Amino acid sequence: VIPDSVELVLRGHMFEAVIGLGACDKTPPGLSLALARLNIPGFLIYGGTILPGEVNGKEATVRSVYEAIGGLMAGKIDEAELKLIEDHACPTHGACGGQYTANTMAMAMEFIGLSPLGTASAPAVSDEQAAEGIGTRGDVVNPRKMEIGRKAGKLIMEMLEQGITPKQILTREAFENAIAGVAATGGSTNAVLHLLALARETGVELTIDDFDSISRRTPLIADMMPGGKYAAADLDKAGGTQLVAQRLIEGGWMDGAQLTPTGTSIATEAAKAVETPGQDVVHTKDKPLKATGGLNILKGNIAPDGCVVKLFGYEPPHFRGPARVFDSEHEALQAVYGRQINPGDVVVIRYEGPKGGPGMQEMLAITAGIVGQGLADSVALLTDGRFSGATKGLMIGHVAPEAFVGGPIAAIHEGDTVVIDTDARSLNIDVPAEEIAMRLAAWRRPEPRYTSGVLAKYASLVTSAAEGAITKPVG
């Protein structure tokens, strides 16, 4: 919807150049798709992260609220503590405060060259504005963001004069830079969808397997939520996205020659990073948090086209347990909140893929509910849908092919043994191939959730998550 709408407006008004302003999970990637389609001089500016809240001396974000709801359901906290967390987790306006989808994609857009490097780091509201108690007002903007906006006006005219267009910037190497940034910071699995989609719009060859190979060679160097300690605003204080890029270039994990909107290389822009002495948000190349990045692509007899899991290093590499099967996100959420999920279970949520959903709604309430109930280390989850970037734990998404098109995930029965081996990059059920084939032969597609309107049209045109869930014209 976002790229289609932007494309129509830009084509209708015959713009010669454009600055895309985005500030949440979907808008930066949606704007990037529109830029790629039109291929006119342009770049993106990110609205900025929210500042983290504080509860009982610890930083808190919106994820803390969802996990607290799970804790309340499990009797681990009372309503007064939940209210305390709700009241303090989101103290200002701005995008969700960890290395969740919005901040992941803002960084990815810088590293791919569609945003000026260093512009994404500044929070939406300054610490001083928050201290004054005006951080939730819609007319309050971080002065640094205002300066970024002023410079953006000058930069877009320079891009227009130089004739720099997105497809000159969006090379195969630029995509690899973006993937390395996501892997190195424990970023959102949604980046897999968005970057695959952008590659399809750009004509760059990129597959789901590329994310795994790049993540294998890229260390985890940023200690950021949800798997790590720090919020996005802490990264800004440490030295920002420029510091992350600098570290990756120093280690040989990023191609510093790639172009940015300024017309200079990303290495030139990263060299301007100013590191705060003593910071421990971004580790050095010699002392990474983990030798490999956070993105892992698994395949197997229920995900022959692949699926994605985000790992920080403390999740169990091997997991085996009975399938608890749900045919919608709502059914699964009721089971989680009803405390019907037990240690050792593998929660299976299907018919939430691109066509079945339609549209792959995110599942933060479920995953955070599991974590909040203290089951993060003893329960796994897999789905043909997707997760919020705030998700942590052994949560596997984007299983392809999806259930609605007869993918093998549709053949899983309640109680089937699910076998997960992240070291071997495999996801299977312990069921003979012949039995899976018999189940699929007897399977019948359920009625679509929408038979008219925009969601029905979307479902008829959308492709697999393994292709970025892009829409393709018929014929």
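Computed from a prediction, not measured in an experiment: that's the story for all the values here.
The pair R324-E414 meets the salt-bridge criterion, since a charged nitrogen lies less than 4.0 angstrom from a carboxylate oxygen. Under 4.0 Å is where a charged nitrogen must lie from a carboxylate oxygen, and between D416 and R439 at least one such pair does. Salt-bridge annotation for R200 and E467: present, with a side-chain N of the basic residue lying under 4.0 Å from a carboxylate O of the acidic one. E54 has no carboxylate O lying under 4.0 Å from a charged side-chain N of K58, or vice versa, which leaves the two without a salt bridge. Using a 4.0 Å cut-off between charged side-chain N and carboxylate O, E275 and R247 make a salt bridge. With salt bridges taken as basic N to acidic carboxylate O contacts below 4.0 Å, one links E176 and R217. Contact check on D127 versus K237 returns a salt bridge, with a Lys/Arg side-chain nitrogen under 4.0 Å from an Asp/Glu carboxylate oxygen.
Between the side chain of K355 and the backbone N or O of V462 there is at least one donor-acceptor pair closer than 3.5 Å. Looking only at distances, a side-chain donor or acceptor of T463 sits under 3.5 Å from a matching main-chain atom of I470. With hydrogens and angles disregarded, no donor-acceptor distance shorter than 3.5 Å links the side chain of T189 to the backbone of V308. Under the 3.5 Å distance criterion, the side-chain polar atoms of K299 are left unmatched by any main-chain donor or acceptor of D305. At distances below 3.5 Å, at least one donor-acceptor pair connects side-chain atoms of N103 with backbone N or O atoms of C96. Remark: side-chain polar atoms of S328 are paired, donor with acceptor, to backbone N or O of E331 under 3.5 angstrom. Proximity of a side-chain donor or acceptor of R449 to a complementary backbone N or O of G357 within less than 3.5 Å is detected. Using modelled atom types, no side-chain atom of H93 and backbone atom of A124 make a donor-acceptor pair closer than 3.5 Å. R386 contributes a side-chain N or O that, together with a main-chain N or O of M360, makes up a donor-acceptor pair within less than 3.5 Å. No donor-acceptor distance shorter than 3.5 angstrom exists from the side chain of D384 to the backbone of H398, with no hydrogens or angles considered.
Rounding to the nearest 0.5 Å places OH of Y100 at 8.5 Å from NZ of K392. Summarising the geometry, atom CD1 belonging to I420 is positioned 11.0 Å from atom CZ belonging to R320; distances are rounded to the nearest 0.5 Å. Taken from OG1 in T61 to CD in E67, the straight-line distance is 8.0 Å, to the nearest 0.5 Å. How far OG1 of T101 is from CG of L364: 9.5 Å, rounded to the nearest 0.5 Å. Between the CZ atom in F312 and the CE atom in M225 there is a gap of 11.5 Å [rounded to 0.5 Å]. N190 CG to K26 NZ: the interatomic distance, rounded to the nearest 0.5 Å, is 7.0 Å.
Closest of all the heavy-atom pairs between P358 and Y450 is CD-CD1, 3.5 Å. Between L196 and G468, the shortest heavy-atom contact is CB-CA, 3.7 Å. Shown here for Q279 and A238, the closest heavy-atom pair between the two residues is OE1-CB, 3.4 Å. Closest non-hydrogen pair, A183 versus S215, comes out as CB-OG, 3.8 Å. Here the closest heavy-atom approach between residue G306 and residue I208 is recorded as C-CD1, 4.4 Å. Residues T49 and A232 come closest through the heavy atom pair OG1-CB, 3.7 Å.
A donor atom on one side chain and an acceptor atom on the other are not found under 3.5 Å apart for E110 and S115. S126 and Q129 share a side-chain donor-acceptor pair at under 3.5 Å. In this structure, a donor-acceptor pair under 3.5 Å is absent between the side chains of Q246 and Q242. Side-chain N/O atoms of T136 and T92 include no donor and acceptor closer than 3.5 Å. Residues T367 and T391 have side chains that bring a donor and an acceptor to within less than 3.5 angstrom of each other.
Side-chain contact between V244 and M107: present, with at least one pair of heavy atoms (C-beta onward) separated by less than 4.5 Å. Side-chain contact between I69 and Y337 is present, with at least one heavy-atom pair separated by less than 4.5 Å. Looking only at side-chain heavy atoms (C-beta outward), L394 and T422 come within less than 4.5 Å of each other. In this structure, V125 and V141 have side chains that are not in contact, with every pair of non-hydrogen atoms separated by 4.5 Å or more. Side chains of L31 and V6 form a contact here, defined as non-hydrogen atoms less than 4.5 Å apart. Under the 4.5 Å side-chain criterion, counting only non-hydrogen atoms from C-beta, L248 is in contact with I221. Taking the side chain as every heavy atom from C-beta outward, L198 and L206 never approach each other to under 4.5 Å. D280 is listed as a side-chain neighbour of Y230, based on a closest heavy-atom distance under 4.5 Å.
Across V309, I366, I396, D345, a single residue satisfies side chain to side chain contact (heavy atoms under 4.5 Å, CB included) together with L381, and that is I366. When each of L382, I429, T383, D327 is paired with V348, the side chain to side chain contact (heavy atoms under 4.5 Å, CB included) condition holds for L382 and for no other.
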Test side chain to side chain contact (heavy atoms under 4.5 Å, CB included) applied to V347 and F326, step by step: CA-CA 8 Å; V347 177; F326 303 94; 4.0 Å; yes
Residue pair T218, T292: steps toward the side chain to side chain contact (heavy atoms under 4.5 Å, CB included) verdict: CA-CA 5 Å; T218 307; T292 57; over 6 Å; no
D236 and R144: CA distance, side-chain angles, deciding distance, side chain to side chain contact (heavy atoms under 4.5 Å, CB included) verdict: CA-CA 12 Å; D236 178 58; R144 289 171 59 201; 2.8 Å; yes
Working for side chain to side chain contact (heavy atoms under 4.5 Å, CB included), residues V346 and V379: CA-CA 6 Å; V346 179; V379 167; over 6 Å; no
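Here Q361 pairs with E352 under the side chain to side chain donor-acceptor pair (under 3.5 Å) rule; sequence neighbours left out. Partners of H318 by side chain to side chain donor-acceptor pair (under 3.5 Å), not counting sequence neighbours, listed by chain and number: D421. Considering only residues two or more places apart in sequence or on other chains, R445 meets the side chain to side chain donor-acceptor pair (under 3.5 Å) condition with none of them.
F404 CZ: more than 12 foreign heavy atoms inside a 6.0 Å radius.
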